[in-house]
S.K.: 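Below are the structure tokens for one structure; questions will follow.
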Amino acid sequence: MKITHKLSAGFIFCAGLWAYSAAVVQAAAEVPKTAFVHLFEWHWSDIATECEDFLGPKGFAAVQISPPQKSIDNAAWWSRYQPVSYQFDSRSGNREQFKDMVQRCNAAGVSIYLDAVINHMAAWNRSFPDVPYSTEDFHNCRDNIDYSNRWQVQNCDLVGLNDLKTESEYVRQKIADYMNDAISMGVAGFRIDAAKHIPATDIAAIKSKLHTLADGNPPYIFQEVIGASGEPVQPSEYTDNGGVTEFNFARTIGSAFKNGKINTLKSLNQWSGWLPSDKAVVFVTNHDDERGNAGNELTYKDQGNLYMLGHVFMLAYPYGYPKIMSGYKFNSSDDAPPSAGVHSGNACDFNGGDWVCTHEWRGVGNMVAFRNYTAAQWKVTNWWDNGSNQIAFGRGGLGFVVINRADSGTLTHTFSTGMPEGDYCNIIDGDFDSTAKTCSGETIHVDGQGNAQFSVGYQGAAAIHVGASLGGIVIPPVTGPEPEKAVRSTAMCYYDQSAGFTTPYLYYWKPVPASAMSSVAWPGVAMEKNGDFYCYDPAAEVTSVNVIFSDQGASQTEDLSASSGSCYLNGAWKSLSDCGFSLTDEPDDPQASENTRVCYDNAQNFSSPYLYFWNVAAASAVNTVAWPGVAMSADGNSYCYDFGTELSSLNVIFSDNGSGQTADLSAFSPDLCYLNGSWQDLSLCINQ
Ligand code: ARE
């Protein structure tokens, strides 16, 4: 199961994970892949070897490669960002070597993401006969870009680079041909370089021309859009196309690790103004920033162990799709890469070579498995901090991490980890051998109450997870979202762990048949909680309808196509039974057929109780009413109104013939009795 396509579909792990057992945990194929590496300026043949020897076994999802097309002839790394043709011919290797790399990495379970430089061509005259592009394929503005001017950002030359006319059909097709050529060789995803300088609609048009991958999924796309407050072009404009870089993450954790207190990072996945987790590509630094644009970002040049700790935090924390920067050592920002690769004459820094190899640092490489094995619990649990630079947190019983960023002193503490009892490998200190179930470093014992003592030196970390447990302990099954009660075959249900909506609403339009669902205003109808899910039952067969799920109008999904009797689970449509629902045959159920009334205990002692209603889902159509609606009749101790048709759900307001009204209320059958301020089973009102 590769992460690539799940991300583009909206979420990052497979439902198959929901019910894994101890035995299945051994099979890496069942665990999602949730992090990737940028092997900056690496040779294709070195990347192929790295996929086979390291990235595949460690559970990396993908490699971002340097731009593979022919570019200007210049030793500096940035020459790769000046294309002169779309031929696969660069100092990383030729077309045959490229193809071989993609095949070998795919065979090792590692996808290739191509860095697509499609905003511009090289900064020379406007003739690129090999594509071919000529003057009319470029914009005419050669001014320096004023970033406060949208038009300039998207129409003028970025640092003098010839800006392609991406609104032109011809240019779009040439770009798509290049990307499709890569897809035909097995490439699974693309970084869109300088995406801020291409209107999001142009990227969408290019994307629509792309072929699907061999497995039938669309390629994954993430777009480089550097968020800057006050600028007119913002990252959020690009989320409909796929992933987008979230620079706030690198800046925020960098400044907390360098100058602040890392306990402030506790809830950063809930900070407003950031991209939603399933769209955000996050990193500790990138190839531009480590060369000087970094501001507060952590880089390999930082003293001590902070760069490593930044990666431990990123890989443990449930936000975004992490990318690990792995380049080469440099003195000046223009320095060319080493001519020989890690596996072809040179070596990693820790082996005396010139390549940094961040991804191979034990605490970084092993944390990829931590992220993969904890993906099913996409939340921070068991948080602890000392009010300053020592933090610890769990991932819903699947993993636990301790970070001591203090500059002196060992952190020795017994933590409540929430993890099952057993002995675990501290994967920052040692490697776990999954066959022998042994650890080459420290082991941590979690007792029957889930407590474990850790001793972590300053600027150090420790981490344990269920994928690296010794002695064959039983790992509790990870339970997925569970329904609480059966639904009718017409229901539509929703659950998305990463979206984290507190009040899910369903907005819909264009139902077929049109009579099946009455029209609603944004954000639509409140969904009824059903265990971990939220459901809405139109009480009629709907063969197709457009829907948007939202957090009561706040964050929302994209436009989706649905039908009744379906379930939207972590970004993918399933059947109700695949989401674990059992179905009721309510239309034939004599008990259910009585659910035609809405009743009210009249706790407010209205002299003339009225019922106003809207968004009614019922077996047959219900006419709309004008405020204050219809008078209710006394029925035992309650007041009721009988709709004469079986109700599924509706919004109501009770009032005293228009005054003293209740709040907007949402009722779901059979809880149609408003008693003591909450909705109860209808029988409770009727039988009083
Ligand atoms: C090189 C020379 C230039 C010369 C040019 C043309 O360095 O002096 O004028 O060639 O001859 C990389 C290098 C550039 C290099 C270029 C082409 O970084 O120095 O130029 O390759 O060889 C903006 C963009 C963002 C972009 C950054 C660098 O919005 O997309 O600038 N990042 C990507 C890549 C880069 C790459 C390119 C784009 C070009 O990651 O590696 O450039 O393909 C504010 C704004 C940001 C802005 C930032 C910096 O923060 O909000 O949007 O980023 O300032 O200007």
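Since the model is a prediction, treat every value here as computed from it, not as a measurement. We use all heavy atoms of the structure for the numbers below, so side chains are in, but hydrogens, waters and symmetry mates are not. Counting convention: from 1, in listed order, for ligands and their atoms alike.
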S.K.: Heavy-atom contact check, 4.0 Å cutoff: does Arg191 meet ligand 1?
M.R.: yes

S.K.: Considering both backbone and side-chain atoms of His197, is one of its nitrogen or oxygen atoms within less than 3.5 Å of a nitrogen or oxygen in ligand 1?
M.R.: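 So ligand 1 has an N or O lying under 3.5 Å from an N or O of His197.
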
S.K.: Angle class for the Tyr321/Tyr113 ring planes (parallel below 30°, perpendicular above 60°, tilted otherwise)?
M.R.: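 Ring orientation, 0 to 90° scale: perpendicular.
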
S.K.: Under 4.5 Å between any side-chain heavy atoms of Glu52 and Arg104, yes or no?
M.R.: yes

S.K.: Run the numbers for me: atoms of ligand 1, each under 4.0 Å from some heavy atom of Ala228, listed by number.
M.R.: 51 (O)

S.K.: Name the option, out of Asp334, Asn286, Val159, Ile226, that contains the heavy atom nearest to atom 6 (C) of ligand 1.
M.R.: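 Looking at heavy atoms only, the winner is Val159.
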
S.K.: Based purely on interatomic distance, does Val117 place a nitrogen or oxygen under 3.5 Å from a nitrogen or oxygen of ligand 1?
M.R.: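 Looking only at distances, the answer is no, because the N/O contact criterion of under 3.5 Å is not met.
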
S.K.: Applying side chain to side chain contact (heavy atoms under 4.5 Å, CB included), name anything that partners Ala280, two or more places apart in sequence or on another chain.
M.R.: Glu246, Leu275, Val282, Tyr319

S.K.: How does Arg80 reach ligand 1, if at all, at less than 4.0 Å between non-hydrogen atoms: by side chain, backbone, both, or neither?
M.R.: neither

S.K.: Which ligand 1 atoms, with their elements, are less than 4.0 angstrom from a heavy-atom of Lys196?
M.R.: 45 (C), 46 (C), 51 (O), 52 (O)

S.K.: Report yes or no: does His287 have a heavy atom closer than 4.0 Å to ligand 1?
M.R.: yes

S.K.: Would you tell me which option among Asp289, Asp288, Ile145 has the nearest heavy-atom contact to atom 28 (C) of ligand 1?
M.R.: Asp288

S.K.: At a 4.0 Å threshold, what atoms of ligand 1 neighbour a non-hydrogen atom of His120?
M.R.: 39 (C), 43 (O)

S.K.: Under the side-chain hydrogen bond (donor to acceptor under 3.5 Å, both in side chains) rule, collect the residues that match up with Lys379, sequence neighbours excluded.
M.R.: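 So Lys379 forms a side-chain hydrogen bond (donor to acceptor under 3.5 Å, both in side chains) with Gln377.
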
S.K.: Working to the nearest 0.5 Å, report the span between NE2 of His43 and OG of Ser92.
M.R.: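 Between His43 NE2 and Ser92 OG, I get 6.0 Å after rounding to 0.5 Å.
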
S.K.: Aromatic rings Phe138 and Phe128: how do their planes relate, parallel, tilted or perpendicular, breaks at 30° and 60°?
M.R.: tilted

S.K.: Of the side chain and backbone of Ala194, name the one, both, or neither that has a heavy atom under 4.0 Å from an atom of ligand 1.
M.R.: both

S.K.: Distance from Gln459 atom CD to Arg405 atom CZ, nearest 0.5 Å?
M.R.: 5.5 Å

S.K.: State the atoms of ligand 1, each with its element, that fall below the 4.0 Å cut-off from a heavy-atom position in Glu231.
M.R.: 45 (C), 51 (O)

S.K.: With atoms numbered from 1 as shown, which atoms in ligand 1 lie under 4.0 angstrom from a non-hydrogen atom of Ala123?
M.R.: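 Ligand 1 atoms under the 4.0 Å threshold to Ala123: 6 (C), 11 (O).
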
S.K.: Tell me whether the NZ or CZ atom of Arg291 lies within the 45° cone about the ring axis of Trp77 and under 6.0 Å from its centre.
M.R.: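 Yes, a cation-pi geometry holds between Arg291 and Trp77.
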
S.K.: What is the distance from atom CD1 of Ile262 to atom OG of Ser255, rounded to the nearest 0.5 Å?
M.R.: 12.0 Å

S.K.: Picking from Tyr307, Phe249, Phe247, what satisfies ring-ring contact (aromatic ring centres under 6.0 Å, His included) with Phe283?
M.R.: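 For Phe283, the ring-ring contact (aromatic ring centres under 6.0 Å, His included) test succeeds with only one of Tyr307, Phe249, Phe247, which is Phe247.
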
S.K.: Could you work out, for atom 37 (C) of ligand 1, the closest of Ile118, Asp193, Val153 by heavy-atom distance?
M.R.: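 Of the listed residues, Asp193 has the closest heavy atom.
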
S.K.: Please report whether ligand 1 has a polar contact with Ser79, defined as an N or O pair separated by less than 3.5 Å (distance criterion only).
M.R.: no

S.K.: For Phe247, which part has a heavy atom under 4.0 Å from ligand 1: side chain, backbone, both, or neither?
M.R.: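 Neither part.
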
